[in-house]
Amino acid sequence: MTKSALITGITGQDGAYLAKLLLDKGYKVHGLVARRSSDSRWRLREMGVEGDIVYLDGDMADACSVQRAVIKSAPDEVYNLAAQSFVAASWDQPVTTGIVDGLGVTHLLEAIRQFSPHTRFYQASTSEMFGLIQAERQDENTPFYPRSPYGVAKLYGHWITVNYRESFNLHASSGILFNHESPLRGIEFVTRKVTDAAARIKQGKQQELRLGNIDAKRDWGFAGDYVEAMWLMLQQDKADDFVVATGVTTTVREMCQIAFEHVGLDYRDFVKIDPAFFRPAEVDVLLGNPAKAQRLLGWKPKTDLQTLIRMMMDADMKRVAKE
Ligand code: NAP
Ligand code: GDD
């Protein structure tokens with residue numbers, strides 16, 4: 001029998017990779033899409049799946065629309081990827097971030113509880129919940145210490161998922177994913193900001209790149225690998241929480257070096273430090289331990305950072321050349 005999936009945040013980076021993965025597995029894929037005045041489906045076009053999805057209008061802040069999407073899609077699996085996901089913006093929009101990334105999760109869980117309790121649920125939790133890290137390598141048992149309104153809102157989303165699993169016996173899993181990137185990454189995130197700028201500088205369309213804290217360290221993986229872990233979580237008999245990471249951490253500075261070197265440039269000639277891009281509170285370092293995901297899901301990252309950044313650079317070089 002064809003399985004039905006509902007993806008919130010389907011127009012985002014992970015939504016596009018996950019939609020492709022599920023369609024390739026034979027799922028009927030529904031996407032909750034918030035109304036926007038400009039085109040938001042470009043990533044789905046890039047993945048070649050725009051015409052294969054059933055679109056349902058809705059917004060995570062609007063419980064009625066979320067409920068309607070659950071009823072209409074009659075999903076076997078729901079992947080809650082929708083979020084205001086840019087950490088820096090969460091200080092400018094703390095309330096919206098709290099509603100969409102926090103309370104929005106309850107809208108969805110409550111709709112599943114009432115109308116579709118057999119549905120399996122995936123919550124897009126985040127390594128930002130570890131924030132001011134309480135252990136050198138973070139795993140499922142590491143205490144949380146979020147450092148941004150985004151991290152705080154996501155922590156609510158994480159715990160309400162755990163709570164609905166324990167209170168109502170829902171098959172609700174939380175994936176604590178570390179940073180993952182791709183050529184479809186939003187331009188505001190540091191990896192894409194760097195690869196886009198390096199491509200422009202190489203092609204004479206930009207002179208410099210202004211960045212904030214380039215000593216910050218992140219555990220970066222490839223989005224295409226990480227959506228497989230999401231799917232695997234919902235195929236388990238038992239719902240649970242899983243850290244998904246590479247187990248390697250790298251500074252923003254080193255990431256710049258990889259990107260610029262790939263097109264024969266030295267990042268030090270172009271990167272300028274700009275206080276405007278520093279955050280009110282920083283997450284200095286993240287380093288995940290994905291041992292549980294490896295043991296129980298059989299999941300391992302396939303793409304290292306060098307390969308990932310080169311893939312992003314090649315895509316940006318082509319795109320910038322066409323502009
Ligand atoms: P993304 O590219 O920013 O995509 C976010 C998606 O959420 C977009 O489709 C966006 O729609 C949608 N959205 C935003 N506000 C909404 C609302 N009020 N109602 C309905 N939809 C809304 O994020 P991503 O990188 O794919 O990440 C997917 C999820 O994983 C997010 O929840 C993020 O917080 C979480 N996460 C990401 C990472 C990472 O490194 N990428 C790591 C850990 C966790 P529009 O396109 O119309 O704005
Ligand atoms: N965006 C950005 N722009 N970040 C910069 C810049 C800059 O100009 N300069 C330095 N950085 C540093 C940030 O301060 C941060 O320490 C690091 O680069 C990564 O920033 P982002 O790429 O914006 O990602 P993030 O780590 O804050 O958040 C991403 O990963 C989380 C998982 O840990 C997002 O995808 C979140 O949604 C996700 O939950």
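Because the structure is predicted, anything quoted here is derived from the model rather than measured. Values reported hereafter were calculated over all heavy atoms of this structure, with side chains retained and with hydrogens, waters and symmetry mates removed. For ligands, and for the atoms within them, numbers begin at 1 and follow the listed sequence.
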Using a 4.0 Å cutoff against the non-hydrogen atoms of [X], which atoms of ligand 1 qualify?
X    : value
S85  : 1 (P), 3 (O), 23 (O), 33 (C), 34 (O)
D59  : 17 (C), 18 (N), 19 (N)
L177 : 42 (C), 43 (C)
S125 : 43 (C), 44 (C)
N179 : 40 (O)
R185 : 25 (O), 39 (C), 40 (O), 41 (N)

May I ask whether R185 places a heavy atom under 4.0 Å from ligand 2? yes
Hey, does F278 sit under 4.0 Å from ligand 2 if you only count heavy atoms? no
Has ligand 1 got any nitrogen or oxygen that is less than 3.5 angstrom from a nitrogen or oxygen of [X]?
X    : value
T126 : no
Q84  : no
Q13  : yes

Heavy-atom neighbours of K20 NZ exceed 12 at 6.0 Å: no
Does N169, at its CG atom, have more than 12 non-hydrogen atoms belonging to other residues, nucleotides or ligands within less than 6.0 Å? no
Calculate, to the nearest 0.5 Å, the distance between atoms NE2 and CG belonging to H30 and L56 respectively. 6.0 Å
Of all the atoms in ligand 2, which lie at a distance below 4.0 Å from a heavy atom belonging to [X]?
X    : answer
S85  : 34 (C), 36 (C), 37 (O)
V252 : 18 (O)
T126 : 31 (C), 32 (C), 33 (O), 38 (C), 39 (O)

Identity of the nearest option to atom 7 (O) of ligand 1, non-hydrogen atoms only, from A83, G12, A61: A83
Hey, looking at atom 6 (C) of ligand 1, which of G9, G175, A124 has the closest heavy atom? G9
Regarding ligand 2, does V190 bring an N or O atom to under 3.5 Å of one of the ligand's N or O atoms? yes
Here the ring-ring contact (aromatic ring centres under 6.0 Å, His included) pairs for residues 290-323, sequence neighbours left out, are Y226-W299
If the condition is side-chain contact (heavy atoms from CB on, under 4.5 Å), which residues does F115 pass it with, not counting sequence neighbours? Q67, I71
